[in-house]
Amino acid sequence: MTETPRTAGTDDATTTQRRGRRIMMSPDELDAFLAVQRTCRVATVAGDGAPHVGALWFVWDGAALWLYSITRSRRWAQLRKDPRLAVLVDDGHAYGELRGAELTGRAEFVGEAPRVGDPCPELAAPERLFAQKYFGLGEMPHDGRHAWLRLTPDAVVSWDFGKIPG
C-alpha cells in the first residue's frame, strides 16, 4: 500500500495509488466506507519527535475528514505546535474482510475552541453529519470542551482485501 496524492474534491486519491491498485477502494467505495465507520486513530508528533496515537470520532464530507477533539488533550496541544497528522480508519476480522484507509496531511482548526455553538457556516455540514451519526440528532450538542479539526488529506492509501481473488 503506497501513498496516494489527493486533491480535495477529486477522485485522484484512489486512482493514482501506485501499488496495491487491485485492492484499493474506488472513490465511491472510500466515501461509503468512511461514512459508516465510527472510530479512527489519529497520530500526532510531540516536540521531541515521539509519536502519539489516540482514538476519535469523525465524519467524512467527501473531501475532508472532520475530527471532534477535546481542546485540553495532548493531541490538540501537539497539533498546535506541529499540524502534521496521520489518520487510520480500518475494519474487518478475517483476512479477507480487512479494509481501511490512511489519510495524511495537516490539521486545520475550524471554529471557536472550545466549541460552544457560535455561528460558523463552515461547520454547518460537518456538525449536522456528526450529530446524526453519533447522537441520532438533527443538531449538534456543544459541551464547551471539544472543537473541530479538519484534515483535507494530502495523501490517501486504501485497501480492501475482499478484492483479492480466491
Exercise. Closest approach of Pro126 and Val59, non-hydrogen atoms and distance?
Worked result: O-CG2, 3.8 Å

Exercise. If you measure only the distance, is there a donor-acceptor pair under 3.5 Å linking the side chains of Trp148 and Glu127?
Worked result: yes

For this session: Compare all side-chain heavy atoms of Leu65 with those of Pro153 and state whether any distance is below 4.5 angstrom.
Result: no

For this session: Side-chain contact test, heavy atoms from C-beta onward, threshold under 4.5 Å: evaluate it for Pro114 versus Arg145 and give yes or no.
Result: no

For this session: Kindly compute the distance separating SG (Cys40) from CG (Leu103), expressed to the nearest 0.5 Å.
Result: 9.0 Å

Exercise. Does atom CZ of Arg74 have more than 12 heavy-atom neighbours from other groups under 6.0 Å away?
Worked result: no

For this session: Answer yes or no: is there a side-chain heavy-atom contact under 4.5 Å between Trp159 and Phe161?
Result: yes

Problem set entry | ring-ring contact (aromatic ring centres under 6.0 Å, His included): pairs with one or both residues in residues 21-45, sequence neighbours excluded | none

Problem set entry | Atom pair CZ/CD of Arg84 and Gln78 - distance to nearest 0.5 Å | 11.0 Å

For this session: Keeping to residues at least two apart or across chains, list the ring-ring contact (aromatic ring centres under 6.0 Å, His included) pairs with something in residues 35-59.
Result: Trp57-Tyr134

Exercise. Taking side chain as C-beta onward, heavy atoms only, is Glu112 less than 4.5 Å from His142?
Worked result: no

Problem set entry | Verdict with supporting geometry, Tyr68 and Phe130, side chain to side chain contact (heavy atoms under 4.5 Å, CB included) | CA-CA 9 Å; Tyr68 198 53; Phe130 196 90; 3.7 Å; yes

Problem set entry | Closest contact, heavy atoms only, Gly144 versus Val116 | CA-CG1, 4.0 Å

Exercise. What distance do Lys163 atom NZ and Met24 atom CE have between them, rounded to the nearest 0.5 Å?
Worked result: 7.5 Å

Exercise. Are any non-hydrogen side-chain atoms of Leu98 and Asp90 less than 4.5 angstrom apart?
Worked result: no

For this session: Test side chain to side chain contact (heavy atoms under 4.5 Å, CB included) on Leu56 and Arg75 and set out the steps.
Result: CA-CA 10 Å; Leu56 276 181; Arg75 166 185 37 260; 3.3 Å; yes

Exercise. Which heavy atom of Ala86 sits nearest a heavy atom of Glu102, and at what distance?
Worked result: CB-OE2, 4.2 Å

Problem set entry | Minimum side-chain heavy-atom gap Met140-Leu123 below 4.5 Å | no

Exercise. Would you find more than 12 non-hydrogen atoms of other residues, nucleotides or ligands less than 6.0 Å from Glu97 atom CD?
Worked result: yes

Exercise. Any idea which heavy atoms bring Thr152 and Glu108 closest together, and the distance?
Worked result: OG1-OE2, 3.7 Å

Exercise. Please walk me through it: do Trp66 and Val110 pass side chain to side chain contact (heavy atoms under 4.5 Å, CB included)?
Worked result: CA-CA 10 Å; Trp66 293 85; Val110 181; 3.9 Å; yes

Exercise. How close do Ala107 and Leu85 get, heavy atom to heavy atom, and via which atoms?
Worked result: N-CD2, 3.2 Å

For this session: Please report the closest heavy-atom contact between Asp31 and Gly62, naming both atoms and the distance.
Result: OD1-CA, 4.0 Å

Exercise. Roughly how far, to the nearest 0.5 Å, is CZ of Arg41 from CG of Leu88?
Worked result: 5.0 Å

Exercise. Do the non-hydrogen side-chain atoms of Phe109 and Arg80 ever get within less than 4.5 Å of each other?
Worked result: yes

Exercise. Hey, any chance Ile70 and Trp76 share a hydrophobic cluster, counting ILVMFWY side chains that come within less than 4.5 Å of each other, even indirectly?
Worked result: no

Seminar exercise, completed: When rounded to the nearest 0.5 Å, the distance separating CZ of Arg115 from SG of Cys120 is 5.5 Å

Exercise. Can you hop from Leu149 to Val53 via hydrophobic side chains spaced under 4.5 Å?
Worked result: no

Problem set entry | Arg22 and Ile164: CA distance, side-chain angles, deciding distance, side chain to side chain contact (heavy atoms under 4.5 Å, CB included) verdict | CA-CA 8 Å; Arg22 69 176 197 190; Ile164 297 174; 4.1 Å; yes

Exercise. Would Val156 and Val36 show up in the same hydrophobic cluster when neighbours are defined by side-chain heavy atoms closer than 4.5 Å?
Worked result: no

For this session: Under the salt bridge (charged side-chain N to carboxylate O under 4.0 Å, His left out) rule, collect the residues that match up with Asp91, sequence neighbours excluded.
Result: Arg99

For this session: Would you check if Val42 and Leu151 make a side-chain contact, meaning some heavy-atom pair closer than 4.5 Å?
Result: no

